[in-house]
Amino acid sequence: MAVMNMVQAINLALREEMERDESVVCLGEDVGVDGGVFRVTEGLFERFGKERVIDTPLAESSIVGTAIGMAMNGLRPVAEIQFLGFIYPAYQQFVSHAARMRNRTRGRLTVPMVVRAPYGAGVKALEHHSESTEAIFCHIPGLKVVVPATPLEAKGLLTASIRDPDPVIFLEPTRSYRLLKEEVPEGEYVVPLGQARKVREGKDVTIVGWGAMLPIIQKAVESLEKEGISPEVLDMRTLAPMDYSSVVSSVKRTGRCVVVHEAPRNLGLGAEISARVMEGALLSLQAPVERVTAPDITVPLPKGENYYYISPERVVNGVKRAMSF
Amino acid sequence: MAVMNMVQAINLALREEMERDESVVCLGEDVGVDGGVFRVTEGLFERFGKERVIDTPLAESSIVGTAIGMAMNGLRPVAEIQFLGFIYPAYQQFVSHAARMRNRTRGRLTVPMVVRAPYGAGVKALEHHSESTEAIFCHIPGLKVVVPATPLEAKGLLTASIRDPDPVIFLEPTRSYRLLKEEVPEGEYVVPLGQARKVREGKDVTIVGWGAMLPIIQKAVESLEKEGISPEVLDMRTLAPMDYSSVVSSVKRTGRCVVVHEAPRNLGLGAEISARVMEGALLSLQAPVERVTAPDITVPLPKGENYYYISPERVVNGVKRAMSF
Amino acid sequence: MLTDDFDPLQGKMLSILDKDGKVNEALEPRIEDAKLLHAYKTMVLTRIADDKAVRLQRQGRLGAYPPSRGQEASQVGPALALEKGDWLVWAFRELGALLLRGVPLWRLYLYWMGNEEGSVLEGDVSLTPSAVPVGSQLPHAVGISYAMKYRKESNVVLCYFGDGATSEGDFHEGLNFAGTMRTPVIFLCQNNQYAISMPRKLQTAAPTLAQKACAYGFKGIQVDGNDLLALYAATEEAVARARKGEGPTLIESFTYRMGDHTTSDDATKYRLAEETAYWSARDPISRFRVYLERKNLWDEKREKEWSEEAARVVEEEVRKAETHAPPALDDAFAHTFATMPEGLREQLEFMRRDLPAKREG
Amino acid sequence: MLTDDFDPLQGKMLSILDKDGKVNEALEPRIEDAKLLHAYKTMVLTRIADDKAVRLQRQGRLGAYPPSRGQEASQVGPALALEKGDWLVWAFRELGALLLRGVPLWRLYLYWMGNEEGSVLEGDVSLTPSAVPVGSQLPHAVGISYAMKYRKESNVVLCYFGDGATSEGDFHEGLNFAGTMRTPVIFLCQNNQYAISMPRKLQTAAPTLAQKACAYGFKGIQVDGNDLLALYAATEEAVARARKGEGPTLIESFTYRMGDHTTSDDATKYRLAEETAYWSARDPISRFRVYLERKNLWDEKREKEWSEEAARVVEEEVRKAETHAPPALDDAFAHTFATMPEGLREQLEFMRRDLPAKREG
Ligand SMILES: Cc1ncc(C[n+]2csc(CCOP(=O)(O)OP(=O)(O)O)c2C)c(N)n1
Ligand SMILES: Cc1ncc(C[n+]2csc(CCOP(=O)(O)OP(=O)(O)O)c2C)c(N)n1
Ligand SMILES: [Mg+2]
Ligand SMILES: [Mg+2]
C-alpha cells in the first residue's frame, strides 16, 4: 500500500476507473497535456490518449453540457472545472438538465457524470478561487454532492462517484490536497455515497463538518479534550443527499451540536443541519445548534482571509458556547 | 386611487420611476414592442421609446451582464428575465460581479440594478416555468432578494428596489399576478426593503411566508381560527437580507413557528429561518419549527402539481403538528 | 459541395423547389418514392395534429402549446436524412421531426397535457427530451456525438434549435466544441423569423445565421426552410460529411412560424398581416404536394384519403392521451435518483399522509 | 478602412512595424512625439514592474501573479488611442494598459499582495476592476457603452480579453448585444497563443479569432500584437468609428505570452523552447525602440536613464505597497451593501469577539 496525498489518491482513482471501464473519459481545461493546474490528472493523457483525456476549450457551460450528452449516450465522463468559483456559467446545465434528465425521461436517459472541482479558502488564492458554494447544488433535487476529507476517503468516494448512476459534483478541498499523506490501497476501494463517517466517538457534543474542516476540527478537539470535553465528530462526506439521520442520532446522545463550514452562514448547510436536528432531536437539545461558519461577506483577498476562514479557536469557541448555554 | 392587480401595480411603479428618473431603463426579452409575456411592461415602449425599453437578444447572461455595466456607468437598469427558471445562465454575473462589485472596488463602482423575474408554481405552466430557487440568490452575500405578496406591496417594494443602491432580484409570484385587486396609490409610495410585514396578530403560532404563499396561508388561518387557534402571520417580503429578528421576536411570544415555502425543503429558506429561531428563541420554543414546503423533487408537470405545491390544508396540518408537539 | 456553392457570406441561399412547386432539376436530390410519400404524409399529419393541439388548448384540454404550422418541411426535411441509430436532439417546436422518427403522437399530447407519462418512450429511441431552456441542448448534441466518435460508430446527431437560440452562450460554446472536436453533428437552426416577439433582424446584426459557422471553422449554409428538397439535400450532404469524420455543419432553415409563439401568445401584437400572407403563399406542404403530383405520386383522391386517415389517427391519439391515468404521487418521486435516498422516501411517505385525500390519484 | 483592407477571412493581418523596427510608411499612423515616448516609457516600465512582480512572488512577498512580458505593445498600443472619459474594461493581464491610464503601480502591487486596499482608486477613473472569471467582463463593456450612447456622450469603451475568453458564452453574448445595439465599444482580444496550457489552435477551429466578428455583423481585424503602431492604428480607426455611432469592432492582437501563465504555472510542460525563441526575436519593446531611435527620439543614454528611473520607481512603489497597513476586520464587511444590514453588523461584532486576538489588524 502506498502512502499518498489527496492529489495522488484522486489521480489513482481516476486511473484505475479508466482502466477498469473504457467508457470513463476525462475532460476539462488543461486536464490533458498539462495534467491539470493542480496536477490531479497528471499522467492520464500519456496513458489513455487524447480521446479519453480531453483538453477542452475554455467554456464551463459546454464542458458540463457536453459531459451530460456523453453520459446520455453511454460514456461516464469525469469533467473538471478548474475552480468551483468558475462553475457558475454551467449552473443551468446542472439545474435544468443533469439534475432532472432521469425524471424528465422517466428513467430512460440518465446522467452518470462526475464533475470535479477544487474548492474552498485558505490557500492564499486569487479572487474567485476560494468559494464554498456547495449549498447552491445541494438545494437542487437530483444532484449528489460529495466532499472527501482525506486521501483514502478521496479514493473511495471518487470511485463510488464515477460508478454512481446519477450526476455527482465532487468537490476537492484545495487546502487538503497536499496537507496530509496516508496509506491508500491500489485496486478496488469504494466508500459508498450517502453515509456519514464517525471520525471520533464522544459524549458531550457532536461536531459536524466535512472536507478541509476536518483537520481544523481535529485541532479543536485536541484542545477541547484537554479541558475535559469529549466531542463526537462526524464527517458528512456526502453533502447531498445528506445522511441527516446520523447527525440526529448522535445529537440525541450528546445533546449538543456544532456545525462547521466555510460557506457564508446564511443558507449554508449549517442551516439545514440545524433545522433537521431541531426537528429530530428537539427534546434532547441542551443548547441551540451552534454554527461556526464564515460571515455573510465575499471571501476577502488573502491578507484578510483570517477574517473569514475557520480556525480551530473559532471551533473551540463554538463548542464552548454550546456547552455553556 | 385606482384598484389594480399586481401586474398593473408593477407596471405603474415602473412607469412612475421612469418618469421620475431618466436613468431608469428597462431591458429584456420581449419587454418592448410586446409589452412582456405577462404584459408587465405594457405601454412602456410606446411611452419611453426603444432607448429606454430595450428588446434584447435572447441571452440571459448578457442581459444581466449588460445591466451590470449600465449600472456601473450611471444608469438604473431594470432587467426582466422571462421566468426564474431561465435565470441560471446569468448566475455567474450575479455571484461573481453584481454581488461583489461594490466590495471589489471598495465602494467606487456599484450596481444599482433590479432584475425582475416571474416565479413559482401553480399556474399549470410548462417545464422550467415553475421554479422557486430564491435560495440560490439569498445565499450569496451582496444580493438583495425581494418578493411582493399583493399589488400594493408590489408597487412599494419595486419602487424601493429601483431606488436601492445595490443589486436587487425582484421575484414576482406568477400565481399572484392577477389573483387579487386592491387600491394602489398613484405617485410616491415606497415600502422600505429589509422589513417583514405583520399581516395578522396572533398568539398561538407564528406563520412565516411570502409572495404566493400569503393567500394560501390566509385560507389556512381562516380554518384554524374556526378551531380556536390564533396564528400570527408574517410576510417576509425581503428575503435577503432577511428580517430574522421580527420572526424571532414573534416566536418568543407565540412559542411556535411554521414556515411555508414552495421551494424544495432541503436548504430552502425554511432551513435558515428554523435555525435562526432556534438560535434566538430556543427556550421559548414549544415545538420544533415546522416547515411546510415542497418535497425534494423536480417540480412535476401540471397534472402532478398537486403533489408538489402548497395547499391551505397542508399549512393547517403543519400548524396542527406544531400545536400538538 | 452545396456548402461551397451556396456560401452565406456571399448572400446565397439554397432553394430547390420554388414556391409554386417547380423543381430545379440540377439540384434535385434523389429520394425514393416511398420516402417522398412518407415525408409528405408526415407533414400533413403534423399539420393536422398541430392544429388539433391548438384547438385542444383553446378548449382547456391541453396546456400552453407551441404550434409548428408553417415549419413542417423545416422539421421533416432534415430528419428524413437520418438513419436508425442517429440521434435527434430538439428544442420544443419540432412535432414533424418527432412524428417522422416514430414518436407516438398520444405520448406527445400527454406531455403537453401536463402528464409526466407523456415522456415515456419505449424501445431504443435515440432521442433527447424537449429542451425548453433555449439553446441549452446544443452542448448535449456535442457530447452525444462525441460518444459516437469515441466508439467509432458511424452515427450522427441532428440538433434542432431556433433563431433565438443563436444568441445564447450555449449555442456558441456548443458549436465551438463541435468544431474543435470535429464530432458528427448537424446543427439545424429553424429560423422562423421570430423569438416570441423578437424579429430575427434584431436578434443579431449578422445578415444570416448560417454565416456564424465561420466563427467555428466549419461550413454553414442557408436553405429555403419551406422547401423539403433543399432541406433534405443540405442535411444529407452534412450527414455524409459527418459520417466520414469531417465534422459538423450549420444549416439555417429559413422558414416562418405561421401561428403564435405559443397558445399564450398573440402574434398580431408584433407582426403585420401582410407578412403572414407573404409566407402563406410559400407554404411548405402545398408546394411539395405539387411536386409529388407532377411526379404522379399523389393526387386529389389520395390527398382526401390521407387527410381523413390522418384526422382519424389524430382523434384516436387524443382519445388515448385523454383516457390515460393521471400520474401517481409515487411517480413524482420515483425518478429523482436511481435509488431513492432514505430521506426522500420519508418525504414521500409524509406527503402521502399530508396531501388532502382528494388530491391523490 | 484598415478593416476592409485587412480582412481576416482573406488571411490578412495588419502589420506596420516589422520585427526589426522597419516601418511601413504607407500605413504609419501619425502620433505626436510626446505620445510615442510616453508609450515607449510605459512599455519599459511595464516590463520592469512585471519582472519585479514575478520576483516578489518567488520571494513570497506577493501572491500568484500573471506576467505580461511580451504583451506590452498589445496592452499599451490600444489604450494609447483612448481619451479621458473613455472606459477601460480589462481581464487580469493588462498591466501596461493600466499603467498608461495612470493607475498607481503600488495599488496594483497591493492588490496582487492580497490586500483589498489595492483596489482603491482615487478620482474619476473610468476603469472596471479586474475580471478573473474569463470572458465575464464583455457584457459589462456593452452596458457601459450603452450608457454612453444613451446619454449621447462621445466616449467609447475599450475591452480587453484573451484568446481563451473567445470560447466563453459571454464573449458571444456580449459581441452579439453590442452588434445589435451598435454601442461604442472596441473588443480587444489579446491572443497570446495560450489559455494556460491550451494552444490557440485547439481553442477554436476558426483560422483567426478576428473573423468571429462576422457572426455579429461588424468588422474584425487581426493585428500584429507586438507592433505598437499597428495596434494603435487599428484601435484609432475603431475608436473613431465608435465615436461616430457606427458601433463596435473586434481587434485580434496576435501576440505571445513570454512567461508562464501565472507564477503557479510551468509553461515548459506544454510548449517548446523554439517557439519562445521565435517570439523572443519579435519583442515588442526592442522593435519600437529602433523605431524611436530612427526618428531620433531615443538613444542609448535616454534608455539607460529611463531604465534606471523606472527601476527606482518600481522599488519605491513596492516599498509603498509593502508598508501599507494590513486590512482591518471592518473593511471586510464594509462594502457588502451601501448600508450594513442589522444582521451583518451583528456578525461583525460577533467576529470581533470570536477571532483569536492575534488575527486582527
Ligand atoms: C433560456 C431561456 N430563456 C427564455 C425562454 C423563454 N422562451 C421560450 S421560447 C423563446 C423564444 C425562442 O425563440 P427561437 O429560438 O427562435 O425558437 P422558436 O420559439 O421561434 O421556435 C423564449 C424567449 C426560455 N425558454 N429559455
Ligand atoms: C470562467 C473561468 N474559467 C476558468 C478560469 C481559470 N483560468 C484563469 S486564466 C485562464 C486562461 C485564460 O486564457 P486567455 O483568455 O487566453 O487569457 P491569458 O491568460 O492568456 O491572458 C483560465 C482557464 C477562470 N479564471 N475563469
Ligand atoms: Mg424562432
Ligand atoms: Mg491567452
Side-chain angles (χ1 to χ4, degrees), chain A residues 22-23 25 27 51-52 54-75 77 79 89-90 92-93 95-97 99-113 141-144 164-167 193-194 238 240-245 276, chain C residues 87 89 116-123 125-133 135-151 153 155 157 159 168-170 172-181 183 185 331-344 346:
Chain A
E22 276 227 324
S23 66
V25 300
L27 69 158
E51 267 74 42
R52 293 189 70 187
I54 309 158
D55 273 320
T56 68
L58 210 178
E60 287 73 15
S61 181
S62 201
I63 290 173
V64 176
T66 299
I68 291 173
M70 289 171 162
M72 287 197 287
N73 192 14
L75 298 187
Q92 166 169 277
Q93 289 293 343
V95 177
S96 303
H97 291 297
R100 56 182 87 172
M101 191 57 73
R102 176 185 291 281
N103 186 62
R104 298 175 62 227
T105 62
R106 307 279 87 194
R108 182 173 59 88
L109 295 177
T110 60
V111 183
M113 149 185 98
L143 297 179
K144 297 188 175 180
D164 198 89
D166 287 306
L193 304 190
T238 299
M242 202 187 253
D243 178 9
Y244 293 109
S245 61
R276 300 269 180 155
Chain C
W87 277 65
V89 176
E116 225 80 50
E117 288 290 298
S119 303
V120 173
L121 290 178
E122 261 105 47
V125 276
S126 308
L127 186 73
T128 51
S130 78
V132 174
S136 61
Q137 73 276 27
L138 275 83
H140 306 169
V142 178
I144 294 168
S145 59
Y146 188 90
M148 293 166 171
K149 180 175 170 167
Y150 178 74
R151 288 190 298 257
E153 298 162 2
N155 289 119
V157 178
C159 175
E168 288 282 1
D170 274 353
H172 172 71
E173 297 190 7
L175 267 70
N176 193 47
F177 266 52
T180 59
M181 295 175 165
T183 64
V185 53
D331 288 351
F333 285 69
H335 299 290
T336 306
F337 295 105
T339 311
M340 199 180 292
E342 182 203 323
L344 192 57
E346 283 165 13

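Chain identifiers are assigned alphabetically (A, B, ...) following the order of the sequence lines, protein sequences preceding nucleic acid strands; residue numbering begins at 1 within each chain.
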Enquirer: Select one option (side chain, backbone, both, neither) describing which atoms of C/Met148 are under 4.5 Å from chain A's heavy atoms.
Expert: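 Both parts, heavy atoms under 4.5 Å.
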Enquirer: Given that the side chain runs from C-beta out, which part of A/Pro57 has a heavy atom under 4.5 Å from chain C: side chain, backbone, both or neither?
Expert: both
Enquirer: Go through the structure and list residues passing side-chain hydrogen bond (donor to acceptor under 3.5 Å, both in side chains) with C/Thr183, not counting sequence neighbours.
Expert: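 Partners of C/Thr183 under the side-chain hydrogen bond (donor to acceptor under 3.5 Å, both in side chains) test: C/Ser145.
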Enquirer: Could you tell me which portion of A/Glu51 (side chain, backbone, both or neither) has an atom closer than 4.5 angstrom to a non-hydrogen atom of chain C?
Expert: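 Looking at A/Glu51, backbone and side chain both touch chain C.
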Enquirer: Against chain A, label C/Ala178 side chain, backbone, both or neither, depending on which of its atoms sit under 4.5 Å from a heavy atom there.
Expert: neither
Enquirer: Less than 4.5 Å to any heavy atom of chain A: does that hold for the side chain of C/Ser126, its backbone, both, or neither?
Expert: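 Neither part.
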Enquirer: Is A/Met101 in contact with chain C via its backbone, its side chain, both, or neither, using a 4.5 Å heavy-atom distance?
Expert: side chain
Enquirer: Tell me, for A/Arg108 versus chain C, whether the close heavy atoms (under 4.5 Å) come from the side chain, the backbone, both or neither.
Expert: side chain
Enquirer: If you take all heavy atoms of A/Ile54 and C/Met181, which pair is closest and at what distance?
Expert: CG2-CE, 3.8 Å
Enquirer: Is it the side chain or the backbone of A/Ser96 that comes within 4.5 Å of chain C heavy atoms, both, or neither?
Expert: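 For A/Ser96, the side chain is the part near chain C, not the backbone.
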Enquirer: Would you mind checking which part of A/Thr110 comes under 4.5 Å of any heavy atom in chain C, side chain (CB onward), backbone (N, CA, C, O), both or neither?
Expert: neither
Enquirer: With a 4.5 angstrom heavy-atom cut-off, which part of C/Leu344 approaches chain A: side chain, backbone, both or neither?
Expert: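 Answer is neither: C/Leu344 stays 4.5 Å or more from chain A.
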Enquirer: By a 4.5 Å heavy-atom criterion (distance strictly below it), what part of C/Phe337 contacts chain A: side chain, backbone, both, or neither?
Expert: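 Backbone plus side chain of C/Phe337, per the 4.5 Å heavy-atom cut-off to chain A.
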Enquirer: Kindly determine whether C/Gln137 and A/His97 satisfy side chain to side chain donor-acceptor pair (under 3.5 Å), including the steps that lead there.
Expert: CA-CA 9 Å; C/Gln137 73 276 27; A/His97 291 297; over 6 Å; no
